[in-house]
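Here's the structure we're looking at; comments come further down.
Ligands are counted one by one from 1 in listed order, and the atoms in each one are counted from 1 as well.
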Amino acid sequence: MSTDLHDLSVAQLAAKLAAREVSSVELTQHFLARIENNAGLGAFLATDSEVSLTQARAADARLTAGERTPLLGVPLAHKDIFVTRDFPTTAGSKMLKNYRSPFDATVVARLGVGSGAGMVSLGKLNCDEFAMGSGNDNSAYRPVQNPWDTTRVPGGSSGGSAAAVAARLVPAATGTDTGGSIRQPAALTGITGIKPTYGRCSRYGMVAFASSLDQAGPMARSALDCALLLSSMAGPDPDRDSTSLDLPALDYATNLIAAGAAATGATPLKGLRIGLPAQFFGAGCSADVLKTVRGALAEFEKLGATLVDVSLPLTELSIPVYYVIAPAEASSNLSRFDGVRYGHRAAHYTDLTDMYKKSRSEGFGDEVTRRIMIGTYVLSHGYYDAYYLKAQKIRRLIAEDFQKAFTQCDIIAGPVSPTVAWKIGEKSDDPVANYLADIYTLSSSLAGLPGMSVPAGFGEGGMPVGLQLIGNYFKEAQLLGTAHQFQLATDWHLRQPTGI
Ligand code: GLN
């Protein structure tokens with residue numbers, strides 16, 4: 001068997017499977033061996049070769065029966081925030097150690113072999129506890145290493161997903177993004193990821209962090225691969241998630257391939273106006289990241305796009321606003337972990353209140369506890385108007401600023417993260433330092449807009465830099481198409497860390 005199967009994209013693997021040049025069982029074995037050989041990265045929290053091989057055999061049976069669908073038999077892995085029947089689900093927390101869900105999240109089911117697209121799950125990917133973090137160092141189990149430099153973080157909270165894709169342990173993975181957790185780890189590990197419009201993918205079966213912000217999305221090496229996954233992940237789920245959008249899932253990938261083929265001219269992006277918010281290019285961004293992002297923007301100009309200056313004046317306020325709203329929602333969502341119904345229960349306690357207290361104190365890590373306390377505070381009588389209500393009002397103004405900017409441009413671009421990946425441990429004791437690193441991703445999350453990270457080159461220490469593209473509501477196809485044109489003209493997304 002060829003040893004470079006892991007270098008192939010989702011699209012290429014699917015083509016090989018469809019041509020019966022390789023079986024899903026062979027692919028699964030190949031990737032499972034890579035996962036085992038690179039266990040030191042800490043990307044996976046659970047694998048089970050018997051489960052994966054059973055799924056692969058089911059996919060092979062569908063292929064043998066003549067079925068040809070775009071993802072059939074291709075392996076992937078899920079962020080451990082999606083509940084799964086076949087693997088344990090921990091949400092990166094001790095609270096859910098060994099927890100088994102009786103059902104699959106909608107996104108997992110839609111991608112899976114049972115009745116879905118036919119992808120084979122290789123297991124569950126490490127993440128920050130309850131998806132709270134920016135470096136994957138809040139995982140209760142262990143930090144994840146960045147495959148480009150194992151002394152650095154891969155970003156968070158979908159750090160395991162990002163590291164696994166970048167190290168080619170999986171061709172693609174799911175992630176979730178509440179305030180940047182798909183885009184930022186994608187940027188810090190040199191892969192592609194898209195956070196769709198809020199509501200595009202069902203939240204059913206995603207362990208809830210901040211329900212008005214949480215959104216699932218794909219992480220892979222290219223925009224085309226993300227498009228393939230998103231086509232199966234997205235779509236309404238009215239009986240299970242009332243906030244899922246009542247819009248049909250689109251075939252993003254075919255659109256991309258058609259647009260790529262049609263773009264025979266040298267300027268396929270002619271007519272596209274890319275807005276550059278002054279606030280994304282200021283002093284807060286490190287020089288290496290700015291230079292790399294500007295280099296990528298020059299490439300977009302060569303492809304025919306025009307760059308225009310826009311303003312998102314409330315960008316700075318997105319940090320305090322997000323860190324009021326997200327903890328407020330988290331404090332409510334996490335009240336379900338009380339030691340009674342599921343999750344950790346303290347071994348010794350005196351009465352019911354003591355059981356609640358001990359179970360929660362033992363089960364939750366420091367960052368989660370901090371957010372529950374902040375959230376409870378800002379929702380409490382006497383502080384609700386001053387903090388929570390005020391934050392909600394500014395959230396509305398932030399969304400309005402985007403709409404003003406979109407009268408001048410079609411897509412907004414800028415950095416994803418103000419720096420490249422930092423050293424593991426560097427920000428572990430400083431929550432505010434982590435919060436500040438979210439400056440460029442939070443505002444579009446608060447507005448519910450789709451955003452993506454596209455590999456744009458390398459900065460300090462040879463570490464990957466991501467370009468962020470933010471679209472207007474429901475414009476995932478435009479974002480993916482724009483990124484695809486950039487990736488047809490550049491090869492940043494094909495660069496790979498050495499030694500893995
Ligand atoms: N870094 C942000 C936080 O800690 C975003 C996390 C996320 O998107 N899940 O909340």
Residue D177 vicinity, atoms of ligand 1 by number, heavy atom under 4.0 Å: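 This gives 8 (O) as the contact atoms.
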Which of the numbered atoms in ligand 1 are under 4.0 angstrom from any heavy atom belonging to S157? 9 (N)
Residue part near ligand 1, for T178, under 4.0 Å between non-hydrogen atoms: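 For T178, backbone and side-chain atoms both sit under 4.0 Å from ligand 1.
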Does only the side chain of Y435 get under 4.0 Å from ligand 1, or the backbone, or both, or neither? Count heavy atoms. neither
What protein heavy atom sits nearest [atom], and how far off is it?
atom                   : result
atom 5 (C) of ligand 1 : Y322 OH, 3.4 Å
atom 7 (C) of ligand 1 : S181 OG, 2.4 Å
atom 3 (C) of ligand 1 : Y323 OH, 3.2 Å

Is the side chain of Q215 donor-acceptor paired with the backbone N or O of T178 at a distance under 3.5 Å, no angle test?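 Checked: no pair found.
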Options I81, D438, N434, L442, ranked by nearest heavy atom to atom 1 (N) of ligand 1, top entry: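 When every heavy atom of I81, D438, N434, L442 is considered, D438 comes closest to atom 1 (N) of ligand 1.
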What distance separates H493 NE2 from T192 OG1, expressed to the nearest 0.5 Å? 7.0 Å
How many angstroms lie between atom CG of N126 and atom CD1 of I81, to the nearest 0.5 angstrom? 11.0 Å
Taking only non-hydrogen atoms of R371, do any sit less than 4.0 angstrom from ligand 1? yes
Does the N or O separation between G133 and ligand 1 drop below 3.5 Å for any pair? yes
